[in-house]
Amino acid sequence: MSDTKVLKLVRKSEAETEHPDAVEEKVATERPRPAVQLSVAQAASAPAAEPPATASAPEKPRAAKTAKARASGQLDRERMLAIYRTMYLSRKLDDKEIQLKGQNKIFFQISGAGHEAVLVAAGLVLQPGYDWFYPYYRDRALCLQLGMTPLEQLLSAVGAAADPNSHGRQMPSHWGHKKLNIVSQSSPTGTQMLQAAGCAEAGYRARLIKELKQKVTGFHADEVVYVSLGDGTTSEGETWEALNTICNLKLPVLILLEDNGYAISVPVEVQTCGADASKLVENFPNLLVQRVDGTDVLASLEVMQKAVEFIRAGNGAALVHARVIRPYSHSLSDDEKLYRSDEERVSDSERDPIKRFGSHLVHEGFIDQEGLQQIKDDIEREVTAAADEALTSPQPDPQSATQYVYSPDVDPTAKEFDNEAGVELSGNPGTMVDLINRCLHTEMARDPRILVFGEDVADVSRDVYLEKVKGKGGVFKVTANLQRKFGSDRVYNSPLAEANIVGRAIGLATRGLKPVVEIQFFDYIWPAFHQIRNELALLRWRSGGEWKAPVVIRVPIGGYLKGGAVYHSQSGVSTFTQIPGLRVVYPSNALDANGLLRTAIRCDDPVLFLEHKHLYRQAYNKSQYPPDEFMIPFGKARTVREGTDLSIITYGALVQRSVVAAKQAEQQGVSVEIVDLRTLAPYDWNAIAATVKKTSRVIVAPEDCLSFGYGAEIAARIGDELFEYLDAPVKRVAALDTFVAYAPQLEDAILPQATDVAQAIAELKAY
């Protein structure tokens, strides 16, 4: 684009451009909605730091404020200078943070320098508090354009309690702002892609399911979900998983690929075959791919406007590949001179967007050098004042460190979740599969926000076959007939990609929906561990309570299958119970499974709900059906068997094996008490303490490996806090420190059996 070209974007009439669902959405929301299309001239009319609109009642576009702008469709002097101010403000905030880091007044710095032009362009054509944003750490200029203030950004740098991004819990440049719909960002690269897909899917589901229109947070029929990433992040598998879903469902996602040529020190040609990620995705359906010089703000505006128009019209997603520069090192922990030549760095500096746009403004007569310097001076004074204020802002109270690990609003251990006593059961006894299935049916009927998805969970993916086939309903039939009852828009199959399932669920839950997803086997949960550990469990805490994702993840687990072998018998629960923010539930019988799953669904925290495959259809753990409001609180153990001589603390499949061993011991005159924990995080310490004080001898019996497992923590705490009540050492029964084998004799030797528990009882009694 030449310096003399006047950028014109003719605005179409509302009748021509409004999304087909927009009229219905207006009726549903009964609140003002910004116009669907924004001309660049209109969008640029706003100052950089206009007070943000609220998510509940967003302002009409800042674009539509001047009739003259609507008529001319041009970027006049005021708007051009506003763009420059935001770009320069972003750069000066980077520079101020670098200065503060050098003075040891802040502790980390990562800049958005060189990315300012395309980011301001993105902020101009999108609408804060209306659209949704999943930025990454270079997106300082975008956040400024959306309405975040210099002070708010510097509060993040100093780790202040008032920091709206994370309230002092995350590094600087980890953006988040509730009022602007900027969803809390984390450090792992690529995880935001799947969550953005889930966020967009929430709107997609609301368009399909009429009753969700009022329940999806901030729903608008023409909303856009913005997500950005660097060139290095395109190497992450979750990026490709997200693209697959975004294009397959035709989701309204704007993907900004900010390509500065380096992922820390690794150049793009090493990261990406052909050194051009956008060329690799050109054949994705429902995806508009555009390329632009991201250091040219006018060219970027034109491309961004086209992308947003494409998305708001309901055509699918758009990917904008912006070539930008990185004039500073990756972060202040990096020195780019170690791997970039002087010639390369000088070449980049010639494309600096701040210098380029400043020169353009002077050359085209929008302002002279003296006026431009005045803008710079004003901004530098503003940044200095904001930094001074930020440095005096109070730090977080140390006592607040554990706030927002779990929901402050809903306590699943509370009495309101406990109606177990005296529950009236009815009907023929059902298996654990039957009672879990019943719970899912009744809860989905109660709450239309519940979505069930995962691999093979639907009865059939091709709806035309629904009345012709029996249906799958999960490999264990746990979700059978849910699709028939509640429809394919609420019960559906996912790609064979575990991170995809959990990442999308996080995005959906962020918008107020209640995903109850399934990972087909615990053995295959590990691709999703990144999303579970670094995103799902952390979202509430890292945002200081601003965001949450109360997802339920159902997972078949455990061995004793006779043929399950290495990859269908794992029981590594300790990996998950040590994650703060995640509830872990492990029922041993049908009735408990029903009540605990209902509590999990109504809980406000993320829950890992573990269902032992061996227990799914055992006759000994069957139960009649409880009422539809039956719940068991978390952290409440069940005394399976009363005893006086010693206690067994256990859960899952080891409960019945302990019962068998206890009956054998009873014949030898030994009275054994058995406590089923039922939930592993939280666990019922009071019940453990009570049984230890009662019998003074204790066995801890998990299915995990003996070393470093869940049982080791329980045993250690008993030894630490209840030592004076013990008449013998705490004894453990667990699996061997190896893997579960296919051959039945090997499996029996590896996993703890009733005979192992019986031997431990005899040894402990004889101590």
Side-chain angles (χ1 to χ4, degrees), residues 55 106-110 132-140 143 148 152-196 198-199 217 227-229 233 238 331 393-410 499 502-512 528-551 553 576 578-583 603-608 681:
I106 67 172
F107 320 107
F108 180 78
Q109 206 282 330
I110 189 165
W132 292 81
F133 301 90
Y134 286 80
Y136 89 123
Y137 46 77
R138 304 284 183 208
D139 284 19
R140 181 188 299 279
C143 295
M148 193 177 289
E152 287 176 326
Q153 296 198 350
L154 289 167
L155 287 172
S156 175
V158 303
D163 157 36
N165 299 277
S166 73
H167 301 279
R169 297 184 172 198
Q170 292 208 81
M171 288 175 164
S173 298
H174 286 52
W175 311 113
H177 202 292
K178 187 74 172 179
K179 290 182 179 179
L180 301 176
N181 285 356
I182 302 173
V183 182
S184 171
Q185 178 205 335
S186 66
S187 292
T189 58
T191 52
Q192 74 273 21
M193 288 287 292
L194 285 169
Q195 293 163 43
C199 179
T217 302
V227 61
S228 60
L229 68 161
T233 301
E238 292 181 17
S331 72
S393 185
Q395 292 282 294
D397 186 335
Q399 294 183 348
S400 70
T402 57
Q403 286 181 351
Y404 306 116
V405 173
Y406 299 103
S407 171
D409 305 313
V410 180
V502 176
R504 286 166 62 189
I506 296 170
L508 286 159
T510 300
R511 299 288 301 275
F529 188 74
H530 198 21
Q531 288 286 343
I532 295 170
R533 172 62 177 82
N534 284 324
E535 303 296 334
L536 177 65
L538 264 170
L539 181 59
R540 189 195 305 271
W541 186 88
R542 77 174 189 229
S543 67
E546 301 286 353
W547 301 95
K548 63 180 181 179
V551 174
I553 307 173
F576 294 90
Q578 65 179 276
I579 300 174
L582 183 67
R583 308 287 191 179
C603 178
D604 199 35
D605 296 313
V607 179
L608 185 67

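No hydrogens, no waters, no symmetry mates; every other heavy atom, side chains included, goes into these values.
- Taken to the nearest 0.5 Å, the CZ atom of F133 stands 10.0 Å off from the SG atom of C199.
- In this structure, D605 pairs ionically with R540, as a charged nitrogen and a carboxylate oxygen lie closer than 4.0 Å.
- S187 and H174 form a side-chain donor-acceptor contact under 3.5 Å, judged by distance and modelled atom types alone.
- Between the side chain of Q192 and the main chain of G190, a donor-acceptor pair closer than 3.5 Å is present.
- Proximity of R542 to W547: side-chain heavy atoms (C-beta onward) are nowhere separated by under 4.5 Å.
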_Between R138 and I110, is the side-chain contact (heavy atoms from CB on, under 4.5 Å) condition met? List the steps._
CA-CA 8 Å; R138 304 284 183 208; I110 189 165; 3.4 Å; yes

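- Between the side chains of S228 and D139, at least one donor N or O lies within less than 3.5 Å of an accepting N or O.
- Using a distance-only test at 3.5 Å, with no hydrogens or angles considered, a donor-acceptor pair links the side chain of N165 to the main chain of G176.
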Give the table of side-chain donor-acceptor pairs shorter than 3.5 Å for residues 155-162, with sequence neighbours excluded, one pair per line with atom names and distance.
none

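- For the pair I553/V607, no side-chain contact is recorded, criterion being any heavy-atom separation below 4.5 Å from C-beta on.
- Panel note: side chain T510, backbone I506; a donor-acceptor pair is recorded below 3.5 Å.
- In this structure, S173 and R140 have side chains that are in contact, with non-hydrogen atoms separated by less than 4.5 Å.
- T189 is not listed as a side-chain neighbour of L229, based on a closest heavy-atom distance of 4.5 Å or more.
- Nearest heavy atoms, C143 versus W175: SG-CG, 3.6 Å.
- Contact check for Q195 versus V183: no side-chain heavy atoms found under the 4.5 Å cut-off.
- Rounding to the nearest 0.5 Å gives a distance of 12.0 Å between OH of Y134 and CD1 of I182.
- Between the CD1 atom in I532 and the CG atom in L608 there is a gap of 6.5 Å [rounded to 0.5 Å].
- Side-chain atoms of Q531 and E238, non-hydrogen and from C-beta on, do get closer than 4.5 Å to each other.
- Two residues are said to be in side-chain contact when any heavy atoms from C-beta on lie closer than 4.5 Å; R511 and W132 meet this criterion.
- S543 places a side-chain N or O within donor-acceptor distance of the main-chain N or O of L539, the cut-off being under 3.5 Å.
- In this structure, L538 CG and S184 OG are separated by 9.0 Å, a value rounded to the nearest 0.5 Å.
- Nearest heavy atom pair, residue S407 against residue D604, reads OG-OD2, 2.9 Å.
- Contact check on K179 versus E546 returns no salt bridge, with no Lys/Arg side-chain nitrogen under 4.0 Å from an Asp/Glu carboxylate oxygen.
- E152 contributes no side-chain N or O that, together with a main-chain N or O of H177, makes up a donor-acceptor pair within less than 3.5 Å.
- Screening E535, Q185, H530 for a side-chain hydrogen bond (donor to acceptor under 3.5 Å, both in side chains) involving T191 leaves a single residue, E535.
- One N or O on the side chain of W541 and one on the backbone of A401 form a donor-acceptor pair closer than 3.5 Å.
- Looking at every heavy atom in both residues, P606 comes nearest to A537 through CG-CA, 4.3 Å.
- For the pair Y137 and M171, the minimum side-chain heavy-atom distance is 4.5 Å or more.
- Between the side chain of S400 and the backbone N or O of Q403, no donor-acceptor pair lies under 3.5 Å.
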